[in-house]
Amino acid sequence: VPVLPDFVNYTGEEKMVVENNTLLSKDKTKDRFSVEWNFKNINVDGTIKFLFGYNGNPNNYVTINGKNIVLFANNKQIGTGTLVNNFDFEKLHTIRLNYDNGKYRVFFDNLKKIDIASSEKVVGGKVGYFGMNFDDVGTTTFANDAFDSSDRKEAKIVGGNFFASNYLE
């Protein structure tokens, strides 16, 4: 049975707060996480930030600049991907980020755009949006799992012989 994310904020709910022109989750992720931002009507000039690991400063974020989706950690650009189509940014879109111990994977509308391991590590924190009209924010979610880590949390019925080293987390 699929498990719901650790944090879900549907449009119109009050699980997010506004601080200094920034819309943030009230809850924080752990140090390993997956976050999904849903949005529409954005400028693609690099000024809108999709925040993660927020602990007082917007240093960790994904942005869209022209046809590039760009990943920043600790205010350093660590990855970029290309949006090959002409997307209509007045329509609903999704960005998803998976993070664990310096490994990052970024998807735009379920298309993998960045897959990188970096020495720039982040810690868990709030997720949110900077620089956009908050009425254009859709559902925002995060789970404290990434890169198949949830597979090690539930016992599975599987036939065969397994060694003692195959324990769950």
Side-chain angles (χ1 to χ4, degrees), residues 2-81 83 87-100 102-114 116 118 120-147 149-150:
V3 177
L4 291 174
D6 296 294
F7 174 87
V8 179
N9 186 75
Y10 297 106
T11 304
E13 287 190 328
E14 297 180 6
K15 295 180 183 175
M16 300 184 82
V17 295
V18 177
E19 297 177 12
N20 302 323
N21 195 33
T22 305
L23 183 65
L24 296 169
S25 60
K26 291 180 182 177
D27 297 340
K28 292 184 176 184
T29 68
K30 294 184 178 176
D31 290 346
R32 171 178 48 206
F33 56 86
S34 298
V35 60
E36 182 175 297
W37 301 272
N38 290 277
F39 56 91
K40 62 181 179 179
N41 294 328
I42 67 163
N43 296 323
V44 290
D45 57 3
T47 58
I48 293 174
K49 298 177 181 180
F50 302 93
L51 303 170
F52 62 94
Y54 181 90
N55 290 295
N57 293 309
N59 298 334
N60 307 306
Y61 59 94
V62 178
T63 190
I64 299 174
N65 193 350
K67 285 196 164 255
N68 294 314
I69 187 165
V70 187
L71 172 64
F72 288 83
N74 302 315
N75 261 348
K76 297 178 185 171
Q77 181 178 326
I78 62 168
T80 186
L83 305 177
F87 290 97
D88 180 357
F89 285 97
E90 292 181 8
K91 307 293 186 208
L92 183 68
H93 293 284
T94 299
I95 294 176
R96 188 172 69 245
L97 167 78
N98 300 332
Y99 173 80
D100 187 15
K103 185 175 179 183
Y104 300 82
R105 192 171 289 156
V106 178
F107 296 84
F108 177 82
D109 287 349
N110 288 327
L111 301 170
K112 185 171 30 174
K113 295 299 175 182
I114 301 171
I116 190 167
S118 172
E120 292 298 326
K121 296 182 180 180
V122 300
V123 296
K126 295 179 179 183
V127 302
Y129 305 80
F130 173 82
M132 66 182 290
N133 180 348
F134 301 141
D135 291 335
D136 294 328
V137 170
T139 302
T140 306
T141 66
F142 70 72
N144 291 308
D145 287 300
F147 299 103
S149 65
S150 63

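Position 1 is the first residue of the sequence, and the numbers go up from there.
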Under 3.5 Å: donor-acceptor pair, side chain of [X], backbone of [Y]:
| X | Y | value |
| --- | --- | --- |
| N55 | G124 | yes |
| N41 | D136 | no |
| K26 | V17 | no |
| T63 | V70 | no |

Checklist entry - Can you tell which of D109, N110, N38 makes a side-chain hydrogen bond (donor to acceptor under 3.5 Å, both in side chains) with R96? => result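 Among D109, N110, N38, the one that satisfies the side-chain hydrogen bond (donor to acceptor under 3.5 Å, both in side chains) with R96 is N110.
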State, to 0.1 Å, how close [X] and [Y] come at their nearest heavy-atom pair, and which atoms those are.
| X | Y | result |
| --- | --- | --- |
| N20 | F130 | O-CE1, 4.3 Å |
| D88 | H93 | O-NE2, 2.8 Å |
| I78 | S118 | CG2-OG, 3.8 Å |
| P5 | A143 | CA-CB, 4.3 Å |
| Q77 | F72 | N-CD2, 3.5 Å |
| M132 | I42 | CE-CG2, 3.7 Å |

Spatial distance of atom [atom1] ([X]) from atom [atom2] ([Y]) [nearest 0.5 Å]:
| X | Y | atom1 | atom2 | value |
| --- | --- | --- | --- | --- |
| K113 | L71 | NZ | CG | 14.5 Å |
| L23 | N9 | CG | CG | 7.5 Å |
| K30 | D100 | NZ | CG | 13.0 Å |
| D31 | Y99 | CG | OH | 7.5 Å |
| W37 | T141 | CH2 | OG1 | 9.5 Å |
| T80 | K67 | OG1 | NZ | 13.0 Å |

Taking the side chain as every heavy atom from C-beta outward, state whether [X] and [Y] have any pair of such atoms under 4.5 Å apart.
| X | Y | value |
| --- | --- | --- |
| F33 | F52 | yes |
| T140 | Y129 | yes |
| T94 | F107 | no |
| F142 | D6 | yes |
| I64 | I95 | yes |
| F134 | N21 | yes |
| Y104 | L97 | yes |
| L51 | K126 | no |

Does any donor atom in the side chain of [X] or [Y] lie under 3.5 Å from an acceptor atom in the other side chain?
| X | Y | value |
| --- | --- | --- |
| D45 | T47 | yes |
| T22 | Y54 | no |
| N74 | N59 | no |

Checklist entry - For N144 and T29, what are the C-alpha separation, side-chain angles and deciding distance, and is it a side-chain hydrogen bond (donor to acceptor under 3.5 Å, both in side chains)? => result CA-CA 6 Å; N144 291 308; T29 68; 4.8 Å; no
Next on the checklist: Run Y61 and N75 through side chain to side chain contact (heavy atoms under 4.5 Å, CB included) and show every step you take.
Outcome noted: CA-CA 8 Å; Y61 59 94; N75 261 348; 4.0 Å; yes
Checklist entry - Taking only residues two or more places apart in sequence or in another chain, which ones pass salt bridge (Lys or Arg N to Asp or Glu O under 4.0 Å) with K112? => result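 Partners of K112 under the salt bridge (Lys or Arg N to Asp or Glu O under 4.0 Å) test: D115.
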Item to check | Residue list, salt bridge (Lys or Arg N to Asp or Glu O under 4.0 Å) with E36, at least two apart or on another chain | outcome: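 Result, salt bridge (Lys or Arg N to Asp or Glu O under 4.0 Å) vs E36: none returned.
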Next on the checklist: More than 12 heavy atoms of other residues, nucleotides or ligands under 6.0 Å from NZ of K76: yes or no?
Outcome noted: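 No - once you tally the heavy atoms of other residues, nucleotides and ligands closer than 6.0 Å, there are 12 at most.
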Next on the checklist: In terms of relative ring orientation, are F87 and F108 parallel, tilted or perpendicular, with 30° and 60° separating the classes?
Outcome noted: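 Rings of F87 and F108: perpendicular, as their planes differ by over 60°.
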